[in-house]
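Just so it is clear: chains get the letters A, B, ... in the order the sequence lines come, proteins before strands, and each one is counted from 1.
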Amino acid sequence: MSKTKDFIVEQIKERISDFKPKARELTVGHVLKVSDGIALVAGLASVRMSEMLEFKTDSGFISGVALNLEEDSVGAVLLGDYQLIAEGAEVRATGRILEVPVGQGLIGRVVNPLGEPLDGKGAITADAHYPVEKIAPGVITRQSVNTPLQTGIKAIDAMIPIGRGQRELIIGDRQLGKTAIAIDTILNQKGKDVICIYVAIGQKESKIAGILAKLEAAGALEYTTVVLAGASAPAPQLYFAPYAGCAMGEYFLDKGKDVLIVYDDLSKHAVAYREIALLLRRPPGREAYPGDVFYLHSRLLERACKLNKDYGGGSITALPIIETQAGDVSAYIPTNVISITDGQIYLEPDLFYQGNRPAINAGLSVSRVGSAAQIKAMKKVAGKIRLEAAQYRELAAFAQFGSDLDEDTKNKLERGKRLYEVFKQGQYAPLGVDEQVLVFWSLLNGHMDDVAVDEIQVFESALRAYAKANEAKTLAAIVSGGDLTEQIEKELARIVSDFKLSYGK
Amino acid sequence: MPISARHYAKALFEVTAKATKPEAKLAVDRLFNELKSNNALSQAKSIIAEFENLSDASEGIVRATITSARPLSKTALKEAESLVLKRSQGQTVVWNEVIDEDILGGAIIAYEDSIIDLSLADRVSGLAARIKE
């Protein structure tokens, strides 16, 4: 026993051998007023903007962030339950800005904007702590976007391609499938070495539960983190959620990895910021938003980037979501975010209710990165796809005069109808780029012209299943080579012809 | 924009800086008339506190609270005073002494916006945290 006792004593001595107690000097103030998640604090004369504060309560400390530095007081937002804080309570300045835990330990977890776990799977082991607010990488550190981020959605990968490091806005009215596009993109990143982060801002917790179940069933949680600030969370948590998610992504960016972040949605984020700003008595501007609401989103989205090789070569691709009211893309927040992002995917109610889902309006949607974010094989078919789709949209108005049109116009209309049938895609069913190239190539080379319009979806599905089962080598060659060589095109022709024989066409 | 207690106190302080007693009384009467007409009589207590702060600052007085487990000797208070004067703009310290056995030993000095924690309880919890690491 004495040997064990000596060992224990030695261990303790070793641990405290270099312990040097220092007097702690704290800057303190006291609470003047607290309500609705905002506290007015007297004192704290030397506190700095966005500095973390600690509010002393009977049950411990509650964090807050100083956002208003006034002559006689400091306005702070509270990140915990403000009802525990009493008037006159001690407030300490921490000398730090808001940080979140980051690292591998966050993958597969559901956390709140402070990095605290919400999924009941135990404490999170953080590799580091990153500041929530950070200046975006400079011009010199970046390079042009040149690698595709495949969403698995045919209409997007063909006509509005997204690259790694791009910001592509998903915009539309409620219940048109904005989140569905984002989730399908996350599902399609399986095996593609992309870390995904889904930031839910002000969403219904029931909706998030459904999304989590889907991600788990598809095995997507192996590479995804969910940052949740639900509809019942206080406004400060909604405000910090996207920045916290971005900080978690920047950890992987610094390691040279590719990250995809979905912000769902920034409209609710702007509303939460408006709530905080009005409670802090900041002067309201247009639509009662504070004057810096543009900066709110620009500094967030500028942190999405593609870094050059000297800085690790990693990327953060951002998919912000904005909800419009009655299709009004010219409203304040939508126009702000449209001007910040590198393109938008516009979802239209008319298309949705006609059965075209995803309801992407190809005319109003754009990707400013364009074909730089496509493999050569897709580039070859996509250019013609875009042209066919544009021509069809122009001619569609004349469809009612079917008998008065020339042959060429009729052919274009028929081709366009089949194209829009091909664009229809079920939810949670992303396609690989090889299958997409096969389908588009078949369509453009007239192999679907003899298939009835209402049978196109079944035909296409069967063609893909046939190719996957019997011609996996050719499909793999499209992905590995990235190009549609003459040899591959001959193979595709043979595959389609063999399939049609077996399909009975 | 509503006038704060600090502004009222500052105005009163500046007006009465070199005033005689009758002049000071007149200034106070005028202040109260102003408070009455602005419906700000409830700020009177805050104005007194702010006025005292301004007065202390002009005289170089720092009001500090020292919390200790046992009453402190004059030497210990002198040391604490030099610590406070080194960190503040003051020339003398007026102490409010508080006894709290929970701090075990040492002292906690609170002055202006700062707290210097020299308590034994803080060092013990620091040591415990280091052992846990």
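Within 6.0 Å of atom CG in B/L41, more than 12 heavy atoms from other residues, nucleotides or ligands are found, so the atom counts as buried in its surroundings. Summarising the local packing, CD of B/E59 is surrounded by more than 12 heavy atoms from other residues, nucleotides or ligands at distances under 6.0 Å. Residue B/K18 places its NZ atom among 12 or fewer non-hydrogen atoms of other residues, nucleotides or ligands, all under 6.0 Å distant. For B/R30, the CZ atom sits in a loose shell: 12 or fewer heavy atoms of surrounding residues, nucleotides or ligands are nearer than 6.0 Å. More than 12 heavy atoms of other residues, nucleotides or ligands shown are found within 6.0 angstrom of NZ on A/K134. More than 12 non-hydrogen atoms from other residues, nucleotides or ligands lie less than 6.0 angstrom from CG of B/D29.
Within residues 106-113 of chain B, the residues having any heavy atom less than 4.5 Å from a heavy atom of chain A are, in residue-number order, B/Y111, B/D113. Along residues 114-122 of chain B, the residues that come nearer than 4.5 angstrom to chain A, judged on non-hydrogen atoms, are B/S114, B/I115, B/I116, B/D117, B/L118, B/D122 in order of number.
Both the backbone and the side chain of A/L26 come within less than 4.5 Å of a heavy atom of chain B.
Between B/R123 and A/R24, every side-chain heavy-atom pair lies at or beyond the 4.5 Å cut-off.
Listed options A/A93, A/S46, A/G43 were ranked by heavy-atom pairs under 4.5 angstrom with chain B; first place goes to A/G43.
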